[in-house]
Participant: 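Below you will find the structure I want to go over with you.
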Amino acid sequence: QVQLVESGGGLVQAGGSLRLSCAASGRFFSPYGMGWFRQAPGNEREFVAAINWNGDTTRYSDSAKGRFTISRDNIKNMLFLQMNSLKPDDTAVYYCGARNDPVAAITLSEYLYWGQGNQVTVSS
C-alpha cells in the first residue's frame, strides 16, 4: 500500500514563499513519476508541476512557470514544491500524486496515488 503525506502549507501574504513537501512510503513496483496538483473551491483539480523519476525532466503549468520549482529526493522518498512570489490566485488545496511509470505526466488520470491534500492560502 502506497501512502503520500503532504506538509508545509499554511497562510502567507502575497509575494511570499512556501515550500510543500510530500513523503512517500510503501511499495512501488517500478520507478515512479510524481507531480503536484491543486484544487480551489468550486474548481476542478488542476495540474501544477511534475517531475520524472530521475529528476532531470520537469513540467510546469503556465501559472507555475518561473515561480514554482519541483524537486525530489529519491533517497528519502520525498517530493518538494518551492513556491515563490505567491499570489491570491494560488490559494487552493495542493495534492501530491505518484504514478506507476517514471515519466513526468501532466494529466490527472495518469496518477495512481494521491495524498490527502494540504491547504495553501495567500492573502492580498
Participant: How about L79 and W36: do any of their side-chain heavy atoms sit closer than 4.5 Å?
Facilitator: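 Yes. Closest side-chain heavy atoms under 4.5 Å.
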
Participant: Does the side chain of V48 reach to within under 4.5 Å of the side chain of F68, using non-hydrogen atoms?
Facilitator: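 Sidechains of F68 and V48: in contact.
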
Participant: Using a 4.5 Å cut-off on heavy atoms from C-beta on, say whether the side chain of Y111 contacts that of I106.
Facilitator: no

Participant: Measuring only between side-chain heavy atoms, which start at C-beta, is Y95 closer than 4.5 Å to L4?
Facilitator: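 Contact flag for Y95/L4 side chains = no.
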
Participant: Is a salt bridge present between K87 and D89, judged by a nitrogen-to-oxygen distance below 4.0 Å?
Facilitator: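 Looking at K87 and D89, the cut-off is not met.
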
Participant: List the steps, then state whether side-chain hydrogen bond (donor to acceptor under 3.5 Å, both in side chains) holds for Y94 with R38.
Facilitator: CA-CA 4 Å; Y94 283 70; R38 67 187 184 186; 2.9 Å; yes

Participant: Could you tell me the separation between the CD atom of E46 and the CG atom of L108, rounded to the nearest 0.5 Å?
Facilitator: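 That separation rounds to 11.0 Å.
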
Participant: Go through the steps to decide whether I51 and R59 satisfy the test side chain to side chain contact (heavy atoms under 4.5 Å, CB included), and finish with yes or no.
Facilitator: CA-CA 7 Å; I51 189 167; R59 304 177 73 178; over 6 Å; no

Participant: Assess whether side chain to side chain contact (heavy atoms under 4.5 Å, CB included) is satisfied between V120 and M83, documenting all intermediate values.
Facilitator: CA-CA 10 Å; V120 170; M83 303 187 293; 4.0 Å; yes

Participant: Can you list the steps and then say if W53 with D101 is a side chain to side chain contact (heavy atoms under 4.5 Å, CB included)?
Facilitator: CA-CA 8 Å; W53 166 252; D101 181 283; over 6 Å; no

Participant: Answer yes if the side chains of N100 and S30 hold a donor-acceptor pair under 3.5 Å, and no otherwise.
Facilitator: no

Participant: Give a yes or no on whether Q39 atom CD has more than 12 heavy-atom contacts from other residues, nucleotides or ligands under 6.0 Å away.
Facilitator: yes

Participant: Does V93 form a side chain to side chain contact (heavy atoms under 4.5 Å, CB included) with Q119? I'd like the steps, not just the answer.
Facilitator: CA-CA 4 Å; V93 176; Q119 179 69 45; 3.2 Å; yes

Participant: Below 30° counts as parallel, above 60° as perpendicular, anything between as tilted: where do the rings of Y32 and F28 land?
Facilitator: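 Because their plane-to-plane angle is under 30°, the rings of Y32 and F28 count as parallel.
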
Participant: Using only heavy-atom distances, determine whether the side chains of S109 and T107 contain a donor-acceptor pair under 3.5 Å.
Facilitator: no

